[in-house]
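Below, read A as the first sequence line, B as the second, and so on, with proteins coming before strands; counting in each chain starts at 1. Everything numeric in this text was worked out from a predicted model, so none of it was measured.
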Amino acid sequence: MEDYVERVLTAVEAIPPGRVCAYSDIAELLGQGGPRQVGRVMAQYGGAVAWWRVVRADGRPVRGLEESALARLRAENTPLRGDRVDLRLARFTFADHDFDSPRDTR
DNA sequence: AATTTGACGACCG
DNA sequence: TCGGTCGCCAAAT
């Protein structure tokens, strides 16, 4: 259980600056639980890590802390599209060390 | 023990 | 693109 928390935090710490990650991605990485569970863990223990690098699947920052998150993301040069993160460019799935994905540069 | 809630996601219109 | 609905998993009440 606490083990799970530890994993989530580790995963979040693995996200490089200027990049973000979705709750679902972390859940998938851990191969366990769901996005919501990850969200809950973050709500409690997320203060110790770069929580602002974890966003929703639609690119919207954390609920309730959108301002701070947005500011921090900007400070890290994260690709933003208005008040949302541009997931096409910023999404970090823990396995994209190679850029072969047919990512359209719209 | 049952129900509601939450730092969510996918689908549909 | 935006809003509503349903599904999901664990914790809180």
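Contact footprint of chain A on DNA chain B: nucleotides with an atom under 4.0 Å from a non-hydrogen protein atom, first to last in 5' to 3' order, B:dG6 to B:dA10.
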Evaluate side-chain contact (heavy atoms from CB on, under 4.5 Å) for A:Val8 paired with A:Val49, printing each intermediate quantity in order. CA-CA 10 Å; A:Val8 174; A:Val49 295; over 6 Å; no
Report task. Begin with the C-alpha distance, continue with both residues' side-chain angles, and end with the deciding distance and a verdict on side-chain contact (heavy atoms from CB on, under 4.5 Å) for A:Val54 and A:Val62. Result -> CA-CA 7 Å; A:Val54 183; A:Val62 179; 5.5 Å; no
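Going from atom CD1 of A:Ile15 over to atom OG1 of A:Thr10 covers 11.5 Å, rounded to the nearest 0.5 Å. One distance of note links CG of A:Asn77 with CZ of A:Arg19; it measures 12.0 Å at 0.5 Å rounding.
The distance between atom OH of A:Tyr23 and atom C1' of C:dG7, rounded to the nearest whole Å, is 19 Å.
Taking the C1' atom of each, B:dA1 and C:dT13 are spaced 12 Å apart, rounded to whole Å. For the C1' atom pair drawn from B:dG6 and C:dC8, the interatomic distance equals 12 Å after rounding to whole Å.
Within the structure, salt bridge (charged side-chain N to carboxylate O under 4.0 Å, His left out) contacts touching residues 8-18 of chain A (residues at least two apart or in different chains) do not occur. Screening residues 62-72 of chain A for salt bridge (charged side-chain N to carboxylate O under 4.0 Å, His left out) gives no qualifying pairs among residues at least two apart or on separate chains.
Of all the heavy atoms in A:Phe94 and A:Cys21, the pair that sits closest is CE1-SG, 3.6 Å. The two residues A:Val85 and A:Ala90 make their nearest non-hydrogen contact at CG1-CB, 3.8 Å. Of all heavy-atom pairs between A:Leu87 and A:Gly59, the closest is CD1-N, 3.5 Å.
Contacts between residues 61-75 of chain A and DNA chain B, counted as heavy-atom distances below 4.0 Å, involve A:Val62, A:Arg63. For DNA chain C, the residues of residues 28-49 of chain A within the heavy-atom distance limit of 4.0 Å (strictly under) are A:Arg36, A:Gln37, A:Arg40, sorted by number. Of all the residues in residues 50-60 of chain A, not one reaches under 4.0 Å from DNA chain C with any non-hydrogen atom.
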Side-chain donor-acceptor pairs of residues 24-41 of chain A under 3.5 Å, sequence neighbours excluded:
| from | atom 1 | to | atom 2 | distance (Å) |
| --- | --- | --- | --- | --- |
| A:Asp25 | OD1 | A:Arg91 | NH2 | 3.0 |
| A:Asp25 | OD2 | A:Ala22 | N | 3.3 |
| A:Asp25 | OD2 | A:Arg91 | NE | 2.8 |
| A:Asp25 | OD2 | A:Arg91 | NH2 | 3.2 |

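Applying the side-chain hydrogen bond (donor to acceptor under 3.5 Å, both in side chains) rule to A:Glu76 yields the partners A:Trp52, A:Arg53; only residues at least two apart in sequence or on another chain are considered. With sequence neighbours left out, A:Asp58 forms a side chain to side chain contact (heavy atoms under 4.5 Å, CB included) with A:Arg56, A:Arg60.
Inter-residue side-chain proximity for A:Val5 and A:Gln44 is flagged as unmet; no heavy-atom pair is nearer than 4.5 Å.
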